Amino acid sequence: MAFVSGSVPAGDRVLGGKINEGGDTKKPIGVSATITAPDGTVLFSADDLNHVSGNLFWPSPMTAAGETTPSYGIKDYPRFFTPPWAVAPIPVNATVDPALVATNGYDFTNNQAGDLYVFLLGKSLASYHASRREFIRLTGPCPVLPDYAFGTWFTYWHSYSEKEAKDDISRWESGNLPIDVWALDMNWRNTSSDNLNPGQSPYHPHPEIGSQDHYYDHPNSSLFPGDGPFGDSFTEWFAFLKGKKLRTYFNDHPFPVAMRNEGGLQTSPEEVAFRWQGLSSWMERGLTYWWFDHNWGFSIPPPFINISVTSGTWEGLDNAAWGSHVYYSSVEYYDKTVRDKAGDQWYGGKPMALTKFGLPDWRENTNPTEAAESPAQHRYPVWWTGDGVPLQGAVQSTVDSGVHGFKTYVHSDCGGDYRPHTGGDLLRWTAHCAFSTILRFHGDDHRPWGYDTHTEDVIRSYLNARYKLIPSLIAAGEHAATTGYPFVTRCDMIWPEHNESASNNQYIFLNDTLVAPIWDSATNATAQSVWIPPARGWMLGMGRSRLGRRESR
């Protein structure tokens, strides 16, 4: 049976959809679907609905030849109901079906194959965008971010001491370098296997097994002094950051409780209680939100999978998308039940988490279908594209994600996971990041003052330019939430009649700025071919420009 796109709300579902009888998705379910126009034109056809993907890869607009993809079909599978508290423990006053207590209120009993949503895309650009709006109505929007998210973020894979971290923040301040988020990578916690908790404690009911970084109660007190687990460690640090009007987050590479024989799988009471206690206790102390670091040797899997390695897929739902759900939902529920109730607006008034946009660490010219993920993941911003991503891959993944995945805030580690040989290389990264979705310096040492005065001055000018655009970025985020229209826009979403517009090496920023980064530092390239859209006067920073269906260098 096929359903044409409609307005079924997805507010309390991971995957929005209607319930329909089906069968085992590992076998053909013997249900075909065909949709035809009144004139007999076939708009959609599938010989077996099990052959339709349940991961989202929205098609591009029509081609220069006037050809269109008449429809887009996506299978509603896997499908399950998410309780209002999501991955927080069941509230004491909640009414829960006894059969669902073991899964924390998650209902997996209606996970049947056979349901399909078909979006009719029409023959015009207007109808194409109307179908995108219908998708947002069905599945829910990419949420609006807190205002500070559009400012500068900074992390550095470095074992900061508290003094060194404070000195760096003072240097941002004295250098008049605008910044809103300063955060620590994994070294906020002790990663050794020594000094594990040998017995029951208020924070963990069993003797600890394995490594300290499997737990949340071993902060690195040698770098950020305190009097022990959940004592004064980091308390003064969080107060210092708030005094500087900076938000912050920690990196977390979570270890599942099932793999150390301390409880059940994802959504089990033991896993939920452990994860919630760890995440919420640090937010209570002053952490603004969390970074789910998918890229580590161990991680949480999706439901019904019992592994600890970084991977795992259940019926097409992988641990990148599941992790986005767990971490965003944890921050969201804590904000709703604690910060909002207390009238605390310091965290920004809107939840956010940093998670992985898909399984691959993106590389240039990778087929964008490899980033196809759950049609719910766009509801859990923001996302990074993995480790070792080159600048060209950063541009391409950001541009394509807005088209195919409805993910408005995909971005890469600004500066890359290496120390550029010259300041000019970091400037190329900064130029792209300043006119893109999220500006987050991360990886090696990308402190703006790390090269020379000229490099710092130019970076400052880019950061100041972005800060002047923050009101426009906030408005563009609101618009994306209601329309599915990304503010880093691939040109074929505006001019699909031109073949050149489908390039993912350039984009329109905030609806009026053409951006085409130069990423070739190996040969010190200073020019590249750029397609200049028609009907506007475009100003280029260097080189020649010609209007219309031509290229400029």
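FYI, side chains are in, hydrogens and waters are out, and symmetry mates aren't considered; it's all heavy atoms of this structure. Everything numeric in this text was worked out from a predicted model, so none of it was measured.
For the pair N104/I90, a side-chain contact is recorded, criterion being any heavy-atom separation below 4.5 Å from C-beta on. Using a 4.5 Å cut-off on side-chain heavy atoms (C-beta onward), L56 and E373 make no contact. Side chains of N505 and Q396 form a contact here, defined as non-hydrogen atoms less than 4.5 Å apart. Proximity of L121 to P70: side-chain heavy atoms (C-beta onward) are nowhere separated by under 4.5 Å. Between E500 and D492 the shortest side-chain heavy-atom distance does not fall below 4.5 Å. Taking 4.5 Å as the limit, some side-chain heavy atom of P83 sits within range of a side-chain heavy atom of Y106. Side chains of Y507 and T398 form no contact here, defined as non-hydrogen atoms less than 4.5 Å apart.
Here I179 contributes atom CD1 and L463 contributes atom CG; the two are 9.0 Å apart, rounded to the nearest 0.5 Å. F509 CZ to S472 OG: the interatomic distance, rounded to the nearest 0.5 Å, is 8.5 Å. Here CD1 of I35 is found 6.0 Å from CG of L120. Values are rounded to the nearest 0.5 Å. If you take CD1 on I474 and CG on L469, they are separated by 11.0 Å, rounding to the nearest 0.5 Å.
Side-chain contact annotation: T385 with S412, donor-acceptor N/O pair under 3.5 Å present. Between the side chains of T355 and S324, at least one donor N or O lies within less than 3.5 Å of an accepting N or O. Y418 and H446 share no donor-acceptor pair across their side chains, judged by distance under 3.5 Å alone. Checking R275 against Y216 by side-chain atom types alone, a donor-acceptor pair falls below 3.5 Å. For the 3.5 Å distance criterion, the side chains of T152 and R466 fail to qualify, holding no donor opposite an acceptor. No hydrogens or angles considered: nothing links the side chains of W531 and Q506 as a donor-acceptor pair under 3.5 Å. A donor atom on one side chain and an acceptor atom on the other are found under 3.5 Å apart for D180 and Y467. Under the 3.5 Å distance criterion, with hydrogens and angles disregarded, a donor-acceptor pair is assigned to the side chains of D340 and Y347.
Under a 3.5 Å cut-off, the side chain of D318 and the backbone N or O of A321 do form a donor-acceptor pair. The backbone N or O of H378 lies less than 3.5 Å from no partner atom in the side chain of K407, so there is not a single donor-acceptor pair. Side chain of T248 to main chain of W182: a donor-acceptor pair is present (N/O by atom type, distance under 3.5 Å, no hydrogens or angles). T366 places a side-chain N or O within 3.5 Å of a backbone atom of R363 that can act as its donor or acceptor partner. The main-chain N or O of L43 is found under 3.5 Å from a side-chain atom of S71 such that the two form a donor-acceptor pair. The backbone N or O of N110 lies less than 3.5 Å from a partner atom in the side chain of R79, making a donor-acceptor pair. Although no hydrogens or angles enter the test, the distance criterion places a donor-acceptor pair under 3.5 Å between the side chain of S397 and the main chain of G393. Side chain of D417 to backbone of G388: a donor-acceptor contact under 3.5 angstrom is found. Using a distance-only test at 3.5 Å, with no hydrogens or angles considered, a donor-acceptor pair links the side chain of S131 to the main chain of S127. Of the possible polar contacts, one joining the W384 side chain to the G386 backbone as a donor-acceptor pair under 3.5 Å is found.
When each of S401, S60, S503 is paired with R490, the side chain to side chain donor-acceptor pair (under 3.5 Å) condition holds for S60 and for no other. H442 pairs with exactly one of W429, W291, Y156 by the ring-ring contact (aromatic ring centres under 6.0 Å, His included) rule, that one being W291.
Between D361 and K356 a salt bridge is recorded (basic side-chain N to carboxylate O distance below 4.0 Å). Remark: E332 does not engage K336 in a salt bridge, criterion side-chain N to carboxylate O under 4.0 Å. Between R189 and D252, at least one side-chain nitrogen of the basic residue sits less than 4.0 Å from a carboxylate oxygen of the acidic one, meeting the salt-bridge criterion.
Remark: aromatic rings of W58 and F135 are close, center separation under 6.0 Å. Two rings, from H479 and F487, have their centers 6.0 Å or more apart. When ring centroids are compared, W282 and W188 come within the 6.0 Å threshold. Within the 6.0 Å centre-distance limit, the rings of F108 and F304 are counted as a close aromatic pair. For W290 and Y328, the ring centers are positioned 6.0 Å apart or more. Here the two rings, on H325 and W322, have centers that are under 6.0 Å apart.
When the shell of 6.0 Å around CH2 of W157 is examined, it contains 12 or fewer heavy atoms from other residues, nucleotides or ligands.
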Between W296 and N251, does the side-chain contact (heavy atoms from CB on, under 4.5 Å) criterion hold? Intermediate values first, please. CA-CA 11 Å; W296 200 246; N251 165 300; over 6 Å; no
Please report the C-alpha distance between Y485 and I494 in whole Å, then the side-chain angles of each, then the deciding distance to 0.1 Å, and finally whether the side-chain contact (heavy atoms from CB on, under 4.5 Å) criterion is met. CA-CA 11 Å; Y485 186 85; I494 308 172; 3.4 Å; yes
So Y462 and H432, side-chain hydrogen bond (donor to acceptor under 3.5 Å, both in side chains) or not? Walk me through it. CA-CA 9 Å; Y462 277 121; H432 159 60; over 6 Å; no
Would you check, one step at a time, whether the test side-chain hydrogen bond (donor to acceptor under 3.5 Å, both in side chains) holds for N55 with S53? CA-CA 5 Å; N55 285 336; S53 176; 4.9 Å; no
In sequence, state the C-alpha distance, the side-chain angles, and the governing distance for N504 and V403, and then conclude on side-chain contact (heavy atoms from CB on, under 4.5 Å). CA-CA 10 Å; N504 58 5; V403 178; over 6 Å; no
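With a 6.0 Å cutoff to the six-membered ring centre and a 45° limit on the axis angle, R132 counts as a cation-pi contact of F406. In this structure, R247 forms a cation-pi arrangement with W346, its terminal cationic atom sitting closer than 6.0 Å to the ring centre and no more than 45° off the ring axis.
Below 30°, between 30° and 60°, or above 60°: for W362 and F357 the angle between ring planes is above 60°, a perpendicular geometry. Between F250 and F238, the ring planes are tilted. Angles from 30° to 60° get that label.
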